[in-house]
Amino acid sequence: MSSASDPAGPDLPATASGDAALAAADVRAAATRGLNLPQLPGLPVPDDTANLRQGPDLNPALLSLLPLVGVWRGEGEASYPTIATHRFGQQVVVAHDGRGFLTWESRSWILGPDGEYVRPAARESGFWRVNVREDGDDTLELLLTHNTGIVELYYGAPISQSAWELATDVVIRTETAKEVTAATRLYGIVEDGDLAWVEERAMVGQPLQPHLSAKLTRHVG
């Protein structure tokens, strides 16, 4: 997997610590702490929440993923030998209902040269789970389903309190999907509180190499 300083993706520096970091986070949350997912009445089950201040408590098994919970929006870049390099917009919704998993939903869209919306792009949905071990060496599980006909199972681990690294163990594709054989992802909360991530991917006969990177700002939570 690429290092955090790989020029193909955003830097993922160590998160600031101490009173200054807490104060900065409180300022950033001024516009987001009161927002949550739209609620649709009528279901007998609890609503999902993307705001840790609202709804059920986060399941203790998920504490290593706590900083991910929220709604994130921003922009990124896609590049690969088989495509034209381009910018994209993205929204990621990470929510929970009090049980031992996070829901994950990502929508993206192609941006033009001036940052204008062009057309819809990739969508994916899935679940984050944590295999909590007695020795504290927790294993992350990420199951993703893509609109392109691909299903991926990632395993990984926290590499700090605010960064997570994963790689595919299994990739399944439909007959109409393009060839994908492996992928890695690195997520991290950077010093300004944004969520930055980079992806490497092996597909259509190409070896594993940088493909996507983005930096997203918290919109909810």
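Since the model is a prediction, treat every value here as computed from it, not as a measurement.
Considering all non-hydrogen atoms of both residues, Leu216 and Glu75 come closest at CD2-N, 4.2 Å. Nearest approach of Gln206 to Tyr80, heavy atoms of both residues: CB-OH, 3.3 Å. Taking all atoms of both residues into account, the shortest heavy-atom contact from Trp104 to Glu124 is NE1-OE2, 2.9 Å. Looking at every heavy atom in both residues, Asn51 comes nearest to Asn36 through N-OD1, 3.6 Å. Of all heavy-atom pairs spanning Ala182 and Leu208, the tightest one is O-CD1, 4.0 Å. Summarising the geometry of Ala121 relative to Ile110, their closest heavy-atom pair is CB-CD1, 3.8 Å, with the distance given to 0.1 Å.
Remark: the backbone N or O of Arg99 is paired with a side-chain donor or acceptor of Asp97 at under 3.5 angstrom. At least one donor-acceptor pair closer than 3.5 Å links the side chain of His96 to the backbone N or O of Gly98. With Ser160 contributing its side chain and Ser162 its backbone, the two residues share a donor-acceptor pair below 3.5 Å. Checking side-chain atoms of His219 against main-chain N and O of Thr32 turns up no donor-acceptor pair under 3.5 Å. Side chain of Trp164 to backbone of Arg185: no donor-acceptor contact under 3.5 angstrom is found. Under a 3.5 Å cut-off, the side chain of Thr103 and the backbone N or O of Phe127 do not form any donor-acceptor pair.
Checked for salt-bridge contact, Arg123 and Glu105 meet the test: a charged N lies under 4.0 Å from a carboxylate O. Taking a cutoff of 4.0 Å between a charged side-chain nitrogen and a carboxylate oxygen, Arg201 and Glu152 qualify as a salt bridge. The residues Arg133 and Asp135 are annotated as not salt-bridged, no charged nitrogen and carboxylate oxygen being separated by less than 4.0 angstrom. A salt bridge does not link Asp192 with Arg218: every distance from a Lys NZ or Arg NE/NH1/NH2 to an Asp or Glu carboxylate oxygen is 4.0 Å or more.
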**Message:** Is there a side-chain contact (heavy atoms from CB on, under 4.5 Å) between Ile83 and His86? Walk through the geometry before answering.
**Reply:** CA-CA 9 Å; Ile83 66 172; His86 61 272; 4.0 Å; yes

**Message:** Could you go through Leu102 and Leu58, starting from their C-alpha distance and side-chain angles, then the distance that decides it, and tell me whether this counts as side-chain contact (heavy atoms from CB on, under 4.5 Å)?
**Reply:** CA-CA 9 Å; Leu102 299 180; Leu58 186 71; 4.0 Å; yes

**Request:** Kindly determine whether Thr174 and Val151 satisfy side-chain contact (heavy atoms from CB on, under 4.5 Å), including the steps that lead there.
**Result:** CA-CA 9 Å; Thr174 66; Val151 178; over 6 Å; no

**Asked** Does the pair Val92 and Val71 meet the rule for a side-chain contact (heavy atoms from CB on, under 4.5 Å), with working shown?
**Response** CA-CA 6 Å; Val92 173; Val71 177; over 6 Å; no

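For Gln161, the CD atom sits in a loose shell: 12 or fewer heavy atoms of surrounding residues, nucleotides or ligands are nearer than 6.0 Å. The number of heavy-atom neighbours closer than 6.0 Å to CZ of Arg107, taken from other residues, nucleotides and ligands shown, is 12 or below.
Considering CD of Gln90 and NZ of Lys215, their distance stands at 14.5 Å, rounded to 0.5 Å. To the nearest 0.5 Å, the span separating CE on Met203 from CD on Gln209 amounts to 8.0 Å. Rounded to the nearest 0.5 angstrom, Thr168 OG1 and Leu153 CG are separated by 8.5 Å. Rounded to the nearest 0.5 Å, atoms CG (Leu63) and CG (Asp138) are 9.5 Å apart.
A donor-acceptor pair shorter than 3.5 Å can be found between the side chains of Gln91 and Arg73.
The aromatic rings of Trp197 and Phe88 are tilted relative to each other, their planes meeting at an angle between 30° and 60°.
Val198 and Val180 end up in different hydrophobic clusters when Ile, Leu, Val, Met, Phe, Trp and Tyr side chains are linked at under 4.5 Å. Both Leu140 and Leu62 belong to a single network of hydrophobic side chains, linked directly or stepwise wherever heavy atoms of I, L, V, M, F, W or Y lie under 4.5 Å apart. In terms of hydrophobic clustering, with Ile, Leu, Val, Met, Phe, Trp and Tyr side chains grouped at heavy-atom distances under 4.5 Å, Leu212 and Leu68 are assigned to a common cluster. In the hydrophobic clustering of ILVMFWY residues, with side-chain heavy atoms under 4.5 Å counting as a link, Val118 and Trp109 come out apart. If you chain together hydrophobic residues whose side chains sit under 4.5 Å apart, Leu166 and Phe101 never meet in one group.
The distance between the ring centers of Tyr155 and Trp128 does not fall below 6.0 angstrom.
Here the side chains of Asp48 and Leu37 are in contact, with some heavy-atom distance below 4.5 Å. Counting heavy atoms from C-beta on, the side chains of Leu186 and Ile159 come closer than 4.5 Å. No side-chain heavy atom of Thr217 sits less than 4.5 Å from a side-chain heavy atom of Trp72. You'll find the side chain of Val171 stays beyond 4.5 Å of the side chain of Thr181, heavy atoms only. Taking 4.5 Å as the limit, some side-chain heavy atom of Leu144 sits within range of a side-chain heavy atom of Tyr154. Residues Ile150 and Ile172 have side chains not in contact (no heavy-atom distance under 4.5 Å, counting atoms from C-beta outward). Looking only at side-chain heavy atoms (C-beta outward), Thr49 and Pro56 come within less than 4.5 Å of each other. Residues Glu199 and Pro210 fail the side-chain proximity criterion, which asks for heavy atoms closer than 4.5 Å.
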